[in-house]
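Chain identifiers are assigned alphabetically (A, B, ...) following the order of the sequence lines, protein sequences preceding nucleic acid strands; residue numbering begins at 1 within each chain.
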Amino acid sequence: MNEFLNWLSQPWPWYIAGPMIGLTVPILLLLGNRSFGISSSLRHICAVCVPAKIPFFQYNWKEEAWNLMFVTGILIGGFIAAMFLSNPETIVIAESTQRDLNALGITNFENLLPAEIFSWDNLFTLKGLFFFVIGGFLVGFGTRYAGGCTSGHAIMGISNLQWPSVVATIFFMIGGLVMTHLFLPFIMNLVGF
Amino acid sequence: MLLKENDALAADENAILAAKVKQGETGLSLLKYLFVGIVFGIIFVKGEIISWFRIQEMFRFQSFFMYGVIGSAILVGMVSIQIIKRFSIKTINGQVIKIADKKFNKGQIYGGFIFGLGWAITGACPGPLFAQIGTGFTVVIVSFLSAVAGTWVYGRFADKLPK
């Protein structure tokens with residue numbers, strides 16, 4: 001049992017993680033005709049908590065309750081993985097990426113997320129404003145405007161041969177490239193790295 | 001004129017949601033999705049897909065990892081859907097499997113681009129936001145609330161945005 005847990009605790013390679021994520025598509029379809037997608041959960045949360053008579057949030061969200069269960073599961077799964085299956089070694093990051101990020105001011109490469117950014121101490125600073133508040137807003141606004149995220153469009157949509165999803169995925173990539181290469185150096189400088 | 005079209009679009013989207021076959025799934029029968037989510041969350045963490053650094057590697061083209069993950073996920077999804085369609089496989093409750101088509105609108109361009117900006121800065125799409133919080137990066141709760149706010153603002157102004 002211990003050996004099994006140790007084995008599970010190693011980081012899983014892409015050719016294990018990727019296909020397992022792909023299998024979620026047929027599993028959700030077979031379990032209850034559900035199309036894989038995650039960003040809709042944010043819409044359902046709005047519909048449940050603050051519908052404010054906005055037409056976009058007037059629908060029977062109870063029919064979509066499965067989606068809220070699914071994302072709650074993701075949260076619990078994250079907790080279980082961190083508590084019981086956490087990797088004893090530090091994450092291996094491409095050296096070229098470490099070099100590039102180091103030049104931008106990041107020095108701590110020990111966790112899944114850079115501790116220099118993702119801590120409560122940064123909440124009311126410019127770091128918090130850009131990396132949590134603005135970043136989160138762009139994710140929520142953009143995914144709903146696009147009608148889906150990496151799961152709904154890139155994985156579910158393209159798996160189902162939907163060309164609008166290919167368009168969406170291309171623009172996800174363009175947005176990410178623009179942020180990484182054009183804006184991020186400027187933002188890092190501005191927030192005090 | 002444009003406004004009317006947008007109203008029609010919003011009505012369309014709501015109609016799609018409403019027209020979905022009523023499953024009548026409540027309470028305990030929803031637990032299966034919780035379980036799938038838990039496994040999914042574990043994969044997210046163990047595959048290190050929720051790592052801000054992995055997303056940076058991807059957008060800098062310095063590692064094949066994320067391309068391998070997304071590419072192989074799409075491949076498995078595609079083959080699975082083809083099998084389901086080819087053999088008319090039904091759900092465990094005997095329903096015909098239906099997948100709604102994605103309709104093109106300019107939101108996929110503008111919204112996609114905006115999401116991409118956020119993806120690179122938070123290092124997370126919506127799924128990993130949940131998993132990151134679960135692993136103990138509790139400050140991501142702020143990013144999550146902000147994402148909910150972003151979705152709400154979209155909903156509030158959906159009829160005024162170019163689509």
Side-chain angles (χ1 to χ4, degrees), chain A residues 12 14 17-22 25-26 29 33 38-39 42 46 54 56 59 66 69-71 73-79 81-82 93-94 96-97 112-113 118 120 132-133 135-146 149-150 155 157-159 162 164 167-168 171-172 175-176 179-180, chain B residues 14 17 30 33-34 37-38 41-43 45-47 51-53 57 59 62-63 65 68-69 72-74 76-78 80 91 97 99 102 104 107-109 111-122 125-127 130-131 134-135 137 139 142-143 146-148 150-152 154-155 158:
Chain A
W12 302 356
W14 64 264
M20 284 180 81
I21 291 173
V25 168
L29 285 171
N33 235 336
I38 295 177
S39 64
L42 303 172
C46 289
I54 295 166
F56 191 70
Y59 58 92
W66 76 273
M69 290 299 265
F70 183 57
V71 294
I74 296 177
L75 185 94
I76 299 171
F79 176 78
I93 303 155
S96 45
T97 307
L112 286 173
L113 282 71
F118 292 89
W120 283 101
F132 314 149
V133 180
F137 189 92
L138 294 174
V139 169
F141 185 90
T143 50
R144 201 69 273 122
Y145 197 175
C149 59
T150 329
I155 296 176
I158 298 181
S159 286
Q162 301 293 304
V167 174
F171 280 89
F172 298 165
M179 174 55 77
T180 302
Chain B
N14 285 345
L17 275 176
L30 288 174
Y33 300 108
L34 184 78
I38 290 174
I42 294 175
I43 302 166
V45 177
K46 292 315 301 173
S51 170
W52 188 87
F53 294 115
E57 285 177 345
F59 285 131
Q62 287 164 337
S63 162
F65 191 91
V69 168
S72 60
I74 292 173
V76 169
M78 207 180 272
S80 310
T91 71
I97 290 183
I99 311 172
K102 308 265 185 200
F104 177 75
Q108 280 131 23
I109 294 174
F113 180 79
I114 293 169
F115 162 52
L117 295 175
W119 190 10
I121 193 168
T122 59
C125 17
F130 293 98
T135 58
F137 282 95
V139 74
V142 180
S143 321
S146 208
V148 173
T151 301
W152 191 87
Y154 169 74

Between W119(B) and F172(A), which heavy-atom pair has the shortest distance, and what is it? CZ3-CB, 4.0 Å
Between OG1 of T151(B) and CZ of F137(A), what distance do you get to the nearest 0.5 Å? 8.5 Å
Do you know the tightest heavy-atom contact between S159(A) and I74(B)? OG-O, 3.3 Å
Tell me whether S146(B) contacts the main-chain N or O of V133(A) through its side chain, where contact means a donor paired with an acceptor under 3.5 Å. yes
Where do T91(B) and L29(A) come nearest, in terms of heavy atoms and distance? CG2-O, 3.4 Å
Supply the atom-to-atom distance T143(A) OG1 to Y154(B) OH, rounded to the nearest 0.5 angstrom. 10.5 Å
Is I74(A) in contact with chain B via its backbone, its side chain, both, or neither, using a 4.5 Å heavy-atom distance? both
Given the options F70(A), F118(A), F79(A), which has more heavy-atom pairs under 4.5 Å with chain B than any of the others? F70(A)
Atom pair CZ/CZ of F113(B) and F171(A) - distance to nearest 0.5 Å: 9.0 Å
Heavy atoms only: give me the nearest I121(B)-G135(A) pair and the separation to one decimal. CG2-CA, 3.5 Å
G136(A), A94(A), G157(A), P26(A): which one forms the most heavy-atom pairs within less than 4.5 Å of chain B? G136(A)
Closest heavy-atom pair and its distance - I43(B), M20(A): CD1-CB, 3.6 Å
Going from CD on Q162(A) to CD on Q108(B), what distance comes out if it is rounded to the nearest 0.5 angstrom? 10.0 Å
I'd like to know which of S143(B), A120(B), G127(B), G118(B) tops the heavy-atom pair count under 4.5 Å against chain A. S143(B)
Heavy-atom closest pair (A17(A) atom, G47(B) atom, distance to 0.1 Å) is CB-CA, 4.0 Å
Minimum side-chain heavy-atom gap V139(A)-F115(B) below 4.5 Å: yes
With chain A, which of V45(B), L30(B), I109(B), V142(B) has the greatest number of heavy-atom pairs at distances under 4.5 Å? I109(B)
Check the pair T122(B) / L138(A) against side chain to side chain contact (heavy atoms under 4.5 Å, CB included), numbers first and verdict last. CA-CA 9 Å; T122(B) 59; L138(A) 294 174; over 6 Å; no
S51(B) side chain to L113(A) backbone, donor-acceptor under 3.5 Å: no
Are more than 12 heavy atoms, taken from residues, nucleotides or ligands other than F59(B), located less than 6.0 Å from that residue's CZ atom? yes
So which of I54(A), V25(A), L112(A) has the biggest tally of heavy-atom pairs under 4.5 Å with chain B? L112(A)
Output for pair (W14(A) CH2, S72(B) OG), nearest 0.5 Å, gives 5.5 Å
Ranked by heavy-atom pairs below 4.5 Å to chain B, first place among I158(A), V71(A), I155(A) goes to V71(A)
Do the non-hydrogen side-chain atoms of W12(A) and I42(B) ever get within less than 4.5 Å of each other? yes
Using 0.5 Å steps for rounding, measure from the CD1 atom of I114(B) to the CE atom of M179(A). 11.0 Å
Just by distance, with hydrogens left out, do T97(A) and E57(B) show a side-chain donor and acceptor under 3.5 Å apart? no
Structural part of F137(B) lying under 4.5 Å from a heavy atom of chain A: side chain
